[in-house]
Asker: 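Handing you a structure now.
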Amino acid sequence: WIGVARVTQVGAVIMAAGIVAWAHAEEPWHLVLAALLTGIGWASTGTTAITAMVSAWFDQDRPKALGLALNGISAGGLLFAPAWPILINSLGFSRASITVGVAACLSICVLASLFLTPVGPHSPRPIQSSTSQIKHTKGRILPTWKFQSVAISFAVSLLAAMGVFI
């Protein structure tokens, strides 16, 4: 079993390679390769992956937690997508893609190693029963740096994946 953290990290690296490949494509087949890399990376860090990640923390209110996480991804894309033209204007398309790809990859890899490893200081506790003693509510989760850091890294990831197509 590879685990969610490793799959997420490998996916982030593949996605970053795809993002950089889009900016450096010189032949039509390069675009096919870039699309394949970006697609594989996005599949490893997208909706299914986030569902696996978030579900590990929630025994009760899992649908609410998943709804918040998945809506946060969409909101992040809407908020960060305008940064692409700004980066492209100031750095050029090649450097902007490298910057976004590296930022997304690094933030996802670091956060995955901190929060998605089976044993670690911030790992989710195993789900024991449907009567968890900790009540996870939107009011308790949204203001935490743990939630915000994960949400921001995935927003940057979505920017990287969507911004290439804008």
Side-chain angles (χ1 to χ4, degrees), residues 1-58 62-63 65-118 120 122-124 145-166:
W1 169 252
I2 296 174
V4 175
R6 291 288 171 253
V7 171
T8 303
Q9 291 167 332
V10 170
V13 171
I14 293 170
M15 182 182 58
I19 292 165
V20 173
W22 280 104
H24 294 90
E26 295 178 4
E27 301 288 331
W29 70 269
H30 294 162
L31 297 173
V32 173
L33 177 63
L36 286 172
L37 290 172
T38 306
I40 291 168
W42 179 244
S44 303
T45 59
T47 305
T48 304
I50 290 171
T51 300
M53 294 171 205
V54 172
S55 293
W57 271 274
F58 293 90
R62 187 172 291 147
L66 289 170
L68 285 170
L70 296 174
N71 283 316
I73 294 168
S74 298
L78 291 172
L79 294 173
F80 289 114
W84 260 111
I86 295 168
L87 283 173
I88 291 168
N89 284 337
S90 62
L91 301 175
F93 188 53
S94 178
R95 285 188 179 156
S97 68
I98 291 169
T99 301
V100 171
V102 168
C105 183
L106 286 177
S107 63
I108 290 172
C109 287
V110 168
L111 291 168
S113 67
L114 287 173
F115 297 109
L116 300 178
T117 53
H122 306 292
S123 299
W145 72 270
K146 291 177 185 179
F147 178 83
Q148 291 174 1
S149 62
V150 170
I152 289 169
S153 70
F154 278 102
V156 170
S157 172
L158 182 64
L159 161 70
M162 289 186 65
V164 169
F165 300 107
I166 294 177

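The first residue in the sequence is number 1, and the count goes up from there.
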Asker: Strictly distance-based, threshold 3.5 Å: is any side-chain N or O of S113 a donor or acceptor partner for the main-chain N or O of V110?
Answerer: yes
Asker: Measure the spacing between CG of L31 and OG1 of T38 and express it to the nearest 0.5 Å.
Answerer: 10.5 Å
Asker: When rounded to the nearest 0.5 angstrom, what is the spacing between CD in Q9 and CD1 in I108?
Answerer: 10.0 Å
Asker: Do you know which two heavy atoms are closest between I19 and G101, and how far apart they sit?
Answerer: CD1-CA, 4.2 Å
Asker: Side chains of W22 and S97: is there a donor and an acceptor less than 3.5 Å apart?
Answerer: no
Asker: Give me the atom names and distance for the closest heavy-atom approach of S44 to G11.
Answerer: CB-CA, 3.4 Å
Asker: Nearest 0.5 Å, what's the CD1-OG1 distance between I14 and T45?
Answerer: 10.0 Å
Asker: CD1/I50 to OG1/T8 distance, rounded to the nearest 0.5 angstrom?
Answerer: 9.0 Å
Asker: Might you point out which heavy atoms bring C105 and A16 nearest each other, and give the distance in Å?
Answerer: CB-CB, 3.8 Å
Asker: Taking all non-hydrogen atoms of both residues into account, name the closest pair between A96 and L91 and its distance.
Answerer: N-CB, 4.0 Å
Asker: Which heavy atom of A104 sits nearest a heavy atom of M15, and at what distance?
Answerer: CB-CE, 4.4 Å
Asker: Between S94 and H24, is there a side-chain heavy-atom distance shorter than 4.5 Å?
Answerer: yes
Asker: Quick check: closest heavy atoms across A69 and V54, and the distance to 0.1 Å?
Answerer: CB-CG2, 3.7 Å
Asker: Who pairs with E26 by side-chain contact (heavy atoms from CB on, under 4.5 Å), at least two apart in sequence or on another chain?
Answerer: H30
Asker: State the CZ-CD1 distance between F93 and I98, to the nearest 0.5 angstrom.
Answerer: 10.5 Å
